> 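Encoded as structure tokens, here's the structure I'll be asking about.
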Amino acid sequence: MREMTIRFLLALLLMAGGFTLGAGRFSEKLPGRSIEAKQLPDPVRRFVLQHFPSLDRFSYRWDKRFYYACDETGGYYLFSAAGAIQGFRFNMRQPSRQVIDRLPEAAMAHIRERYPNHFLCAFLPQDKGYRAELFGVDERIVYFDSEGRFVKEE
């Protein structure tokens, strides 16, 4: 009985360690420099207030190209100065359907169709297109052009 308990605890520990390593693969330092909510352009402020209870839910950053609404877990939404959502990165959750609907439709349709057992943890601008990071049974990185058409998969 004791040996079974030890095996169970070891298996649980290994699973937890593997989950942590997998979830942390895409983690990185938050981009840009910190700014206050009052420094956000009006379109970004309106988007946040329309989709979330208050501006206080996030901390904010800016890197000369994009504005970021960062949550307490290190995830963030990425906005243009005009208030258009450009992407996101989350470690342990999915963005809302309202956010997904604002991303390139062709890319989201491709991901839903080709990767039904994966979760989208990041969708970010890269070069002249987008990079989508997926996790599930395995981890994948999928690239799209600026129109959201599939380019390649890693």
Side-chain angles (χ1 to χ4, degrees), residues 12-35 37 40-154:
L12 188 62
L13 183 61
L14 286 172
M15 284 178 23
F19 179 72
T20 303
L21 290 174
R25 176 169 181 239
F26 299 119
S27 65
E28 61 186 36
K29 182 181 171 210
L30 287 174
R33 65 176 182 83
S34 291
I35 61 171
L40 292 171
D42 285 338
V44 174
R45 185 180 297 109
R46 280 193 303 271
F47 183 93
V48 172
L49 288 172
Q50 179 182 0
H51 292 80
F52 302 100
S54 77
L55 289 172
D56 297 333
R57 182 167 191 256
F58 300 103
S59 61
Y60 300 95
R61 301 182 75 81
W62 176 65
D63 73 357
K64 295 188 181 182
R65 288 182 39 210
F66 299 110
Y67 289 87
Y68 302 81
C70 307
D71 67 16
E72 67 282 349
T73 66
Y76 55 84
Y77 292 100
L78 174 70
F79 298 94
S80 69
I85 191 145
Q86 300 294 303
F88 62 87
R89 175 181 295 283
F90 292 109
N91 297 323
M92 301 303 290
R93 64 181 175 89
Q94 294 277 280
S96 71
R97 183 73 176 171
Q98 296 160 326
V99 169
I100 294 288
D101 289 345
R102 296 186 186 288
L103 298 172
E105 188 177 325
M108 295 302 103
H110 179 84
I111 290 169
R112 277 191 299 273
E113 183 180 308
R114 296 281 317 264
Y115 308 100
N117 296 322
H118 286 79
F119 296 95
L120 183 60
C121 63
F123 190 86
L124 299 167
Q126 182 169 327
D127 299 326
K128 294 184 180 183
Y130 299 95
R131 168 190 174 115
E133 298 174 3
L134 307 167
F135 69 94
V137 177
D138 57 0
E139 295 174 351
R140 299 180 186 230
I141 300 175
V142 184
Y143 297 89
F144 299 94
D145 67 11
S146 61
E147 301 296 314
R149 292 182 297 252
F150 174 77
V151 174
K152 70 177 182 174
E153 173 189 315
E154 290 180 0

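All values below were derived from every heavy atom in this structure, side-chain atoms included, with hydrogens, water molecules and symmetry-related copies excluded. Since the model is a prediction, treat every value here as computed from it, not as a measurement.
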> Determine the interplanar angle of the Y130 and F123 rings, folded into 0 to 90°, and report it as parallel if under 30°, tilted if 30 to 60°, perpendicular if over 60°.
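Judged by the thresholds at 30° and 60°, the geometry between Y130 and F123 is parallel.
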
> Around R57, counting heavy atoms of other residues, nucleotides and ligands shown, do more than 12 lie under 6.0 Å from its CZ?
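Check passes, neighbour count above 12.
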
> Kindly write out the residues that satisfy side-chain contact (heavy atoms from CB on, under 4.5 Å) with Y68, not counting sequence neighbours, or none if the list is empty.
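Residues passing side-chain contact (heavy atoms from CB on, under 4.5 Å) with Y68: P31, R61, D63, F66, C70, Y76, L78.
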
> With rounding to the nearest 0.5 Å, note down the distance linking CD1 in I85 to CG in L103.
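Spacing of CD1 (I85) from CG (L103) equals 6.0 Å.
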
> Taking all atoms of both residues into account, what is the closest heavy-atom pair of P43 and A81, and its distance?
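Reported closest heavy-atom pair: CG-O, 4.0 Å.
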
> Determine, stepwise, if the pair H118 / D138 fulfils side-chain contact (heavy atoms from CB on, under 4.5 Å).
CA-CA 8 Å; H118 286 79; D138 57 0; 2.6 Å; yes

> May I ask you to test the Y143-D127 pair for a side-chain heavy-atom distance under 4.5 Å?
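They are not in contact (no side-chain heavy atoms under 4.5 Å apart), so the answer is no.
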
> Output yes when a side-chain donor or acceptor of R45 lies under 3.5 Å from a complementary backbone atom of A37, and no otherwise.
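Yes.
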
> For R112, does the CZ atom sit with more than 12 other heavy atoms under 6.0 Å from it, leaving out its own atoms?
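Yes - once you tally the heavy atoms of other residues, nucleotides and ligands closer than 6.0 Å, there are more than 12.
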
> Of the non-hydrogen atoms in A106 and R149, which two are nearest, and what is the gap between them?
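Shortest heavy-atom contact: CB-N, 4.5 Å.
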
> Measure the shortest side-chain to side-chain distance between F88 and I100 over non-hydrogen atoms and say whether it is less than 4.5 angstrom.
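Yes, at least one pair of side-chain atoms sits under 4.5 Å.
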
> To the nearest 0.5 Å, how far apart are CD in E133 and CD in E154?
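The distance works out to 10.0 Å.
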
> Heavy atoms only: give me the nearest S54-V48 pair and the separation to one decimal.
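Scanning both residues, the minimum pair turns out to be O-CG1, 4.2 Å.
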
> Using ring centroids (six-membered ring only for Trp), state whether F135 and F119 fall under 6.0 Å.
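Under 6.0 Å, so yes.
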
> Quick one, F79 with L40, criterion side-chain contact (heavy atoms from CB on, under 4.5 Å). Give me CA distance, side-chain angles, the key distance, then yes/no.
CA-CA 10 Å; F79 298 94; L40 292 171; over 6 Å; no

> If we ignore hydrogens and angles and just use 3.5 Å, is the side chain of Y60 paired with the main-chain N or O of L55 as donor and acceptor?
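The answer is yes, because a donor-acceptor pair under 3.5 Å joins these two groups.
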
> When you look at F90 and D71, which way does the side-chain contact (heavy atoms from CB on, under 4.5 Å) test go after all the steps?
CA-CA 9 Å; F90 292 109; D71 67 16; 3.5 Å; yes

> To the closest 0.5 Å, what do you measure between CG (N117) and CG (L134)?
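If we round to the nearest 0.5 Å, N117:CG and L134:CG are 11.5 Å apart.
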
> Does a sphere of radius 6.0 Å around CD in E105 hold more than 12 heavy atoms from other residues, nucleotides or ligands, not counting ones at 6.0 Å or beyond?
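No.
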
> Please name the pair of heavy atoms, one in F144 and one in A132, separated by the smallest distance, quoted to 0.1 Å.
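Shortest heavy-atom contact: CE1-CB, 3.9 Å.
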
> Tell me whether E113 at atom CD has more than 12 heavy atoms from other residues, nucleotides or ligands lying less than 6.0 Å away.
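Atom CD in E113 is not crowded, with 12 or fewer foreign heavy atoms closer than 6.0 Å.
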
> Are F47 and Y67 an aromatic pair by the rule of ring centers under 6.0 Å?
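No - the distance between ring centres of F47 and Y67 does not fall below the 6.0 Å cut-off.
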
> Parallel under 30°, tilted from 30 to 60°, perpendicular over 60°: which one fits the rings of Y77 and F52?
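Rings of Y77 and F52: tilted, 30 to 60°.
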
> Is the closest side-chain heavy-atom distance between R114 and R140 below 4.5 Å?
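No, side chains not in contact.
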
